[in-house]
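In what follows, chains are A, B, ... by sequence order, proteins preceding strands, each numbered from 1. All figures in this text were calculated on a predicted structure; none of them were measured in a lab.
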Amino acid sequence: MAVGESRTKITAYVQTATLTLPKNHDRQMPRYNPAEIEPKWQQFWEEKRTFATPEMPSGEKMYVLDMFPYPSGDGLHVGHPEGYTATDIVCRYARMQGKSVLHPMGFDAFGLPAEEHAIKTGTPPRVQTEKNIANFTRQLKMLGFSYDWERQIATTDIEYVRWTQWIFLQVYDTWYDREQQRGRPIAELPIPAEISAAGAEAVREYQDEHRLAYLNEAPVNWCPALGTVLANEEVIDGKSERGGHPVQRIPLKQWMMRITDYADRLESDLEGLDWSEGIKARQRNWIGRSTGAEVDFYIGAADKLADWKTSRAAGGFPRKPSDNVLRVYTTRPDTLFGATYMVIAPEHPLVDALTTSEQSAAVKAYCDKAASKSDLERTELAKEKTGVFSGSYAINPVNDEKTPIWIADYVLISYGTGAIMAVPAHDERDFEFAQTFDIPVIAVVDPGESKDVERAEVLAGKVCSTVDGVAINSGKYDGTPTSEFKGKIAEDLTTAGLGRTAVNYKLRDWLFSRQRFWGEPFPILKELDADGVPNGKILPVPVDQLPVNLPHLEDFKPLGRPEPPLEKASHDWLYPIIDGVKYKRETNTMPQWAGSCWYYLRFIDPTNDQVLIDREKEKAWMPVDLYIGGAEHAVLHLLYARFWHKVLFDRGVVGTAEPFQKLVNQGMILGELEYTGYQTAAGRWVSHNKTKTDAAGERIDPKTSEPVAAVKLEADAVEKQGDSFVLKADASVKIDARAMKMSKSRGNVVNPDIVVKEYGADSLRLYEMFMGPLEATKPWSMAGVSGVRNFLDRVWRLIVDDFAETTTLLAAVQEIEPTAEQNKVIHRTIEAVTRDLSRLEFNTPIARMMEFTNFFTKEEVRPKSAMKSLVLMLSAYAPHIAEELWAVLGESETLAYHPWPQFDEKFTKDDEIEIPVQILGKIRSKIVVAADISKADLEKAALADERIQTLIVGKQIVKAIVVPGRLVNFVVK
RNA sequence: GCCGAAGUGGCGGAAUUGGCAGACGCGCUGGAUUCAAAAUCCAGUUCUCGCAAGGGAGUGUGGGUUCGAUUCCCACCUUCGGCACCA
């Protein structure tokens, strides 16, 4: 920025007009000029390898990780540097405390946008990706983060892909031993005698069934119009995001990962982690563990019921249900006596067997309709319960009641056993269904008298109640409290061989394949028979032949079939021949999660070509001590990464059970505060809270049904009245005042490049921290950036002679001892800044440094040592200006490893302090007393105060609360 | 509906966790400097009554505990984020 240009009066995102410069300001002066000093110091750090990390830590280690970005074509947005600045401050602070800091950065570079770009332009995704990475790298370096750039990795690096594929093979080679609760090599899987007897083929199939990575039919979003399979986020309301074409769910053979086997450990290990309760809650909720019971209802021939029960009592509850039973899962086995019907999902394997001939037409029609419904239709739109009677009955094991079996899509095939016993009296959904189809409701839990339960209605089956109570209508169990009943009945069912306790999860196995080009190829070969058809045998690519690279393609257009684009690869790539056997490569690719699941490990040993990570280095650096990133990854990324880490832990690749010890989610940065009014076409204003959104999604005035348009208003057109903003011109019109998510379509995106150009990187960093607590959602404000830039200007002028020809130290900065008052400011600032930083509170230290600066600006003589302390603290936030000032203060080395300033309590304490004196809790006076005054003396001093004297005349002091160092409060009558 | 986070001046936010509400910054007002601006520096700025000294109210709403509540408890309202027929 040229000297003398206006920089603080920027109202929009562009600079206001340049002013003509007067003569006396036309000369070159050593003003604070970030455009000059920032690139200078960035170059210095790079050339001197200032932030290169040693292979092994010496002394205390600190691994601080950012969630690495997807290098999009748009470049960084201001949300990225928020977390990155926070971690950078932590790292710079830690280095100055003498810790060995690992602070790497890389790129999560596979993904859809690069492939979309390739389809459109024909440019290979790798080319575009490398361009984007170069741009991201430029932007990140421009912000002065202290990454060890020599460790940079991208998930698309061929050497990185190699180890991603290697991990896949590890997962493929692992089965989960439930008894030992850990993953073990597939070679150690015990093979049952009858399987071994059936031959090698049977053994292989048995092993494949137990691998953590396995093939399964799973539905994909196939869009015939686009000729491609879409990701879930590309499907909106059952239509493609691009073009709005219909999307069908079709089954496709896909790779899955058995994450559900690790559900228990993924949940229970959360406990030891230093994560916010909110994030833990979200993970727990996603895993969705529930406990209950599986119960078998007899559906075989009626005259064999007694035999069946006898055999069950003798043989116990079988692992897999036989054909003559319907197995259900319930969390409320205590309500078994209230089951008045059963429901199975339309996809349940017993649908055909249970459908009677009279019902077959109706059932077929219902199931066909259910199959064609999208997930959305089955959930959101399904306000009314639907279903059809199968014609069959099951026998309730506790009372031998004949219970009708229905087919309804409110029961999901993918959860529990895909079948339920319905207890309308004590389950909302069952109650709704029973109401619709006129099915009896029998209360079996007496909720007791309570103000929020209509007990009589519940007992009469008129309303549904899900609360605990005491059993009724439950035979010998009558009178048993709910919680006790649950345990008792599970025990009795187990004894009778009719049920067992069971655990279920909402978490599903992980769909691990994508029908895309731009992802890691699977290191998997499928053996072909003589006719060129896969025979089901799978050959993992030997480890020494990794990586499997992506083949060259002429173009990246979709095939027009659901198969992945790799089907277009040359036959050389697609059909390798090994030992005379012809194979076909797996043509699915891995999801973007794959690369981001383990990058934190590779940063520790990024160039190792022998192993994924050296065990000694892993031991020295893991776990990640601080992991900061957006909350959008709170569930999936963190869950998948934890899952892989646990598999690697079980297989001895790593020595830690959890990868991320402390996790912090940065809050979202919103656009600038906006004032929005609503106006009809005729120009009539409508208060924003009176408008409604109609069925078509249009905003209307519900009184007249006229559509209203949003009008953006300037701040001076509105004013605050009570709790809301109103139009200045018409106070009856309420205005919506809020900050919105940044988005291209709204036009409120802030580009860091422009902020750096206008204010400098240090100002951007400082502002992002000054906005508020890291974890809070906060609105952007350019005026705020200008404010912190102003502060940096003040710091500059505190130390640098603004009127000298060259950048020289101000004469006011001298080698002298600070005065007592100055020492108090210095040491209190160090104390507060240090304390707040250690708690990851980044906004308040800036305020303290501002106070420091305001104080010393008024001091005519400024001790050099004080200036150094400020510069050292500031360097964590604004490293460029700090390095420059450090040099001005006469230092020749970087300050990056200079010891962090220490405070001394003897300077932070006051000799005399002001104590408020209250009467009946209201402050009536203040007295100045010695800091170490005794309780009795403090009370005496308070009583002696003139004003207090006059106020308590004629009153009786009932009680005196005296808190030394805090206050005095007199309770009077 | 369920889970989570949060409500403090015109705005962003602070308050050593029960002890002076509004630090710091933005904005605004006034002053100094200037021929005049810009920049800079100084002072003021929760609302309200008052010329003033001083008084009253005040941390989403209503209640409670306490000498004392932004902070703890109960109920409710609003906003934001997430999940959503999970038996």
**Nucleotide nearest N969(A) (side chain, heavy atoms from C-beta), chosen from rC67(B), rG13(B), rC41(B)** = rC67(B)
**Message:** Let's test this: given Watson-Crick or G-U wobble pairing with both distances under 3.5 Å, identify the partner of rG81(B).
**Reply:** rC3(B)
**Item:** rA57(B) and rG1(B), which share atom name P, separated by this distance in whole Å
**Value:** 38 Å
**Complete:** Re rC76(B): Watson-Crick or G-U wobble partner, both distances kept under 3.5 Å, found to be rG60(B)
**Asked** Can you check whether N790(A) has a side-chain N or O nearer than 4.0 Å to OP1 or OP2 of rU40(B)?
**Response** yes
**Request:** Please figure out whether T857(A) or L920(A) has its closest RNA chain B nucleotide nearer the 5' end.
**Result:** T857(A)
**Prompt:** With distance as the sole criterion, is a donor-acceptor pair present between the side chains of Y410(A) and T386(A) under 3.5 Å?
**Reply:** no
**Complete:** Of the listed rG19(B), rA57(B), rC24(B), the closest approach to the K922(A) side chain comes from rA57(B)
**Asked** What is the distance from atom NZ of K926(A) to atom CD1 of I948(A), rounded to the nearest 0.5 Å?
**Response** 12.0 Å
**Request:** With a 3.5 angstrom cut-off on both distances, give the Watson-Crick or G-U wobble partner of rC41(B), or none if there isn't one.
**Result:** rG31(B)
**Prompt:** When you measure from the side chain of A847(A), which nucleotide among rA87(B), rG19(B), rA23(B) comes out closest?
**Reply:** rA23(B)
**Those residues that, when tested against E267(A), pass side chain to side chain contact (heavy atoms under 4.5 Å, CB included) (two or more places apart)** = R284(A), I287(A), R289(A)
Let me have the donor-acceptor pairs involving side chains of residues 499-506 of chain A, under 3.5 Å, with sequence neighbours excluded, atom names and distances please.
residue, atom, partner, partner atom, Å
R500(A), NE, E294(A), OE1, 3.2
R500(A), NH2, E294(A), OE1, 2.9
Y505(A), OH, D264(A), OD1, 3.1
Y505(A), OH, D264(A), OD2, 2.9

**Request:** Respond yes when some side-chain nitrogen or oxygen of N854(A) is under 4.0 Å from OP1 or OP2 of rG25(B), and no when none is.
**Result:** yes
**Prompt:** Using purine N1 to pyrimidine N3 plus N6-O4 or O6-N4 for Watson-Crick, or N1-O2 and O6-N3 for G-U wobble, each under 3.5 Å, what pairs with rU65(B)?
**Reply:** none
**Message:** I need the H348(A) NE2 to I407(A) CD1 distance, nearest 0.5 Å.
**Reply:** 10.5 Å
**Asked** W286(A) side chain: which of rA21(B), rC83(B), rC85(B) is closest?
**Response** rC83(B)
**Asked** Does anything in residues 832-847 of chain A pair up under side-chain hydrogen bond (donor to acceptor under 3.5 Å, both in side chains), and if so which pairs, sequence neighbours excluded?
**Response** T834(A)-W900(A), D836(A)-T844(A)
**Asked** 5'-most contact on RNA chain B: R835(A) or V971(A), nearest heavy atom basis?
**Response** R835(A)
**Complete:** The side-chain hydrogen bond (donor to acceptor under 3.5 Å, both in side chains) partners of T260(A) (sequence neighbours excluded) come to D509(A)
**Any-strand Watson-Crick or G-U partner of rA52(B), both distances under 3.5 Å** = none
**Message:** Does the structure show a Watson-Crick or G-U wobble partner for rC11(B), both distances under 3.5 Å? Name it, or say none.
**Reply:** rG25(B)
**Asked** What nucleic acid atoms does K858(A) come within less than 4.0 Å of, heavy atoms only: base, sugar-phosphate, or nothing?
**Response** sugar-phosphate
**Prompt:** For rA14(B), does OP1 or OP2 lie under 4.0 Å from any side-chain N or O of N843(A)?
**Reply:** yes
**Message:** Measuring only the P atom in each nucleotide, how far is rG58(B) from rU48(B)? A whole number of Å is fine.
**Reply:** 16 Å
**Closest nucleotide among rA87(B), rG19(B), rC85(B) to the R966(A) side chain** = rG19(B)
**Asked** Now, which nucleotide makes the Watson-Crick or G-U wobble pair with rA36(B), with each of the two distances under 3.5 Å?
**Response** none
**Message:** Quick check for you: to the nearest 0.5 Å, what is the distance between L764(A) atom CG and Y759(A) atom OH?
**Reply:** 11.0 Å
**Heavy-atom side-chain proximity of V917(A) to I923(A) below 4.5 angstrom** = no
**Asked** Are any of the side-chain nitrogens in K778(A) or E82(A) under 4.0 Å away from the carboxylate oxygens of its partner?
**Response** yes
**Message:** Which nucleotide, if any, forms a Watson-Crick or G-U wobble pair with rC20(B), using both distances under 3.5 Å?
**Reply:** none
**Complete:** Which of rA87(B), rU40(B), rC85(B) is nearest the side chain of D409(A)? It is rC85(B)
**Message:** On the nucleotide rA14(B), are OP1 or OP2 found under 4.0 Å from the side-chain N or O atoms that R848(A) carries?
**Reply:** no
**Request:** Quick one: label K926(A) by what it contacts on the DNA or RNA (base, sugar-phosphate, nothing), any heavy atom closer than 4.0 Å.
**Result:** base
Polar atom pairs (N or O), protein with nucleotides 7-11 of chain B, under 3.5 Å:
residue, atom, partner, partner atom, Å
rC11(B), OP1, K720(A), NZ, 3.0

**Request:** With P as the reference atom in both, quote the distance from rA38(B) to rG44(B) in angstrom, rounded to an integer.
**Result:** 22 Å
Please tabulate the protein-to-nucleotide N/O contacts below 3.5 Å involving nucleotides 75-79 of chain B, giving atom names and distances.
residue, atom, partner, partner atom, Å
rU79(B), O3', R738(A), NH1, 3.4

**Prompt:** rG56(B) and rG60(B): how far apart are their C1' atoms, nearest whole angstrom?
**Reply:** 22 Å
**Request:** Among rG12(B), rA15(B), rA87(B), find the nucleotide with the atom closest to the side chain of D427(A).
**Result:** rA87(B)
**Asked** What about the rings of F903(A) and H827(A), do their centers lie closer together than 6.0 Å?
**Response** no
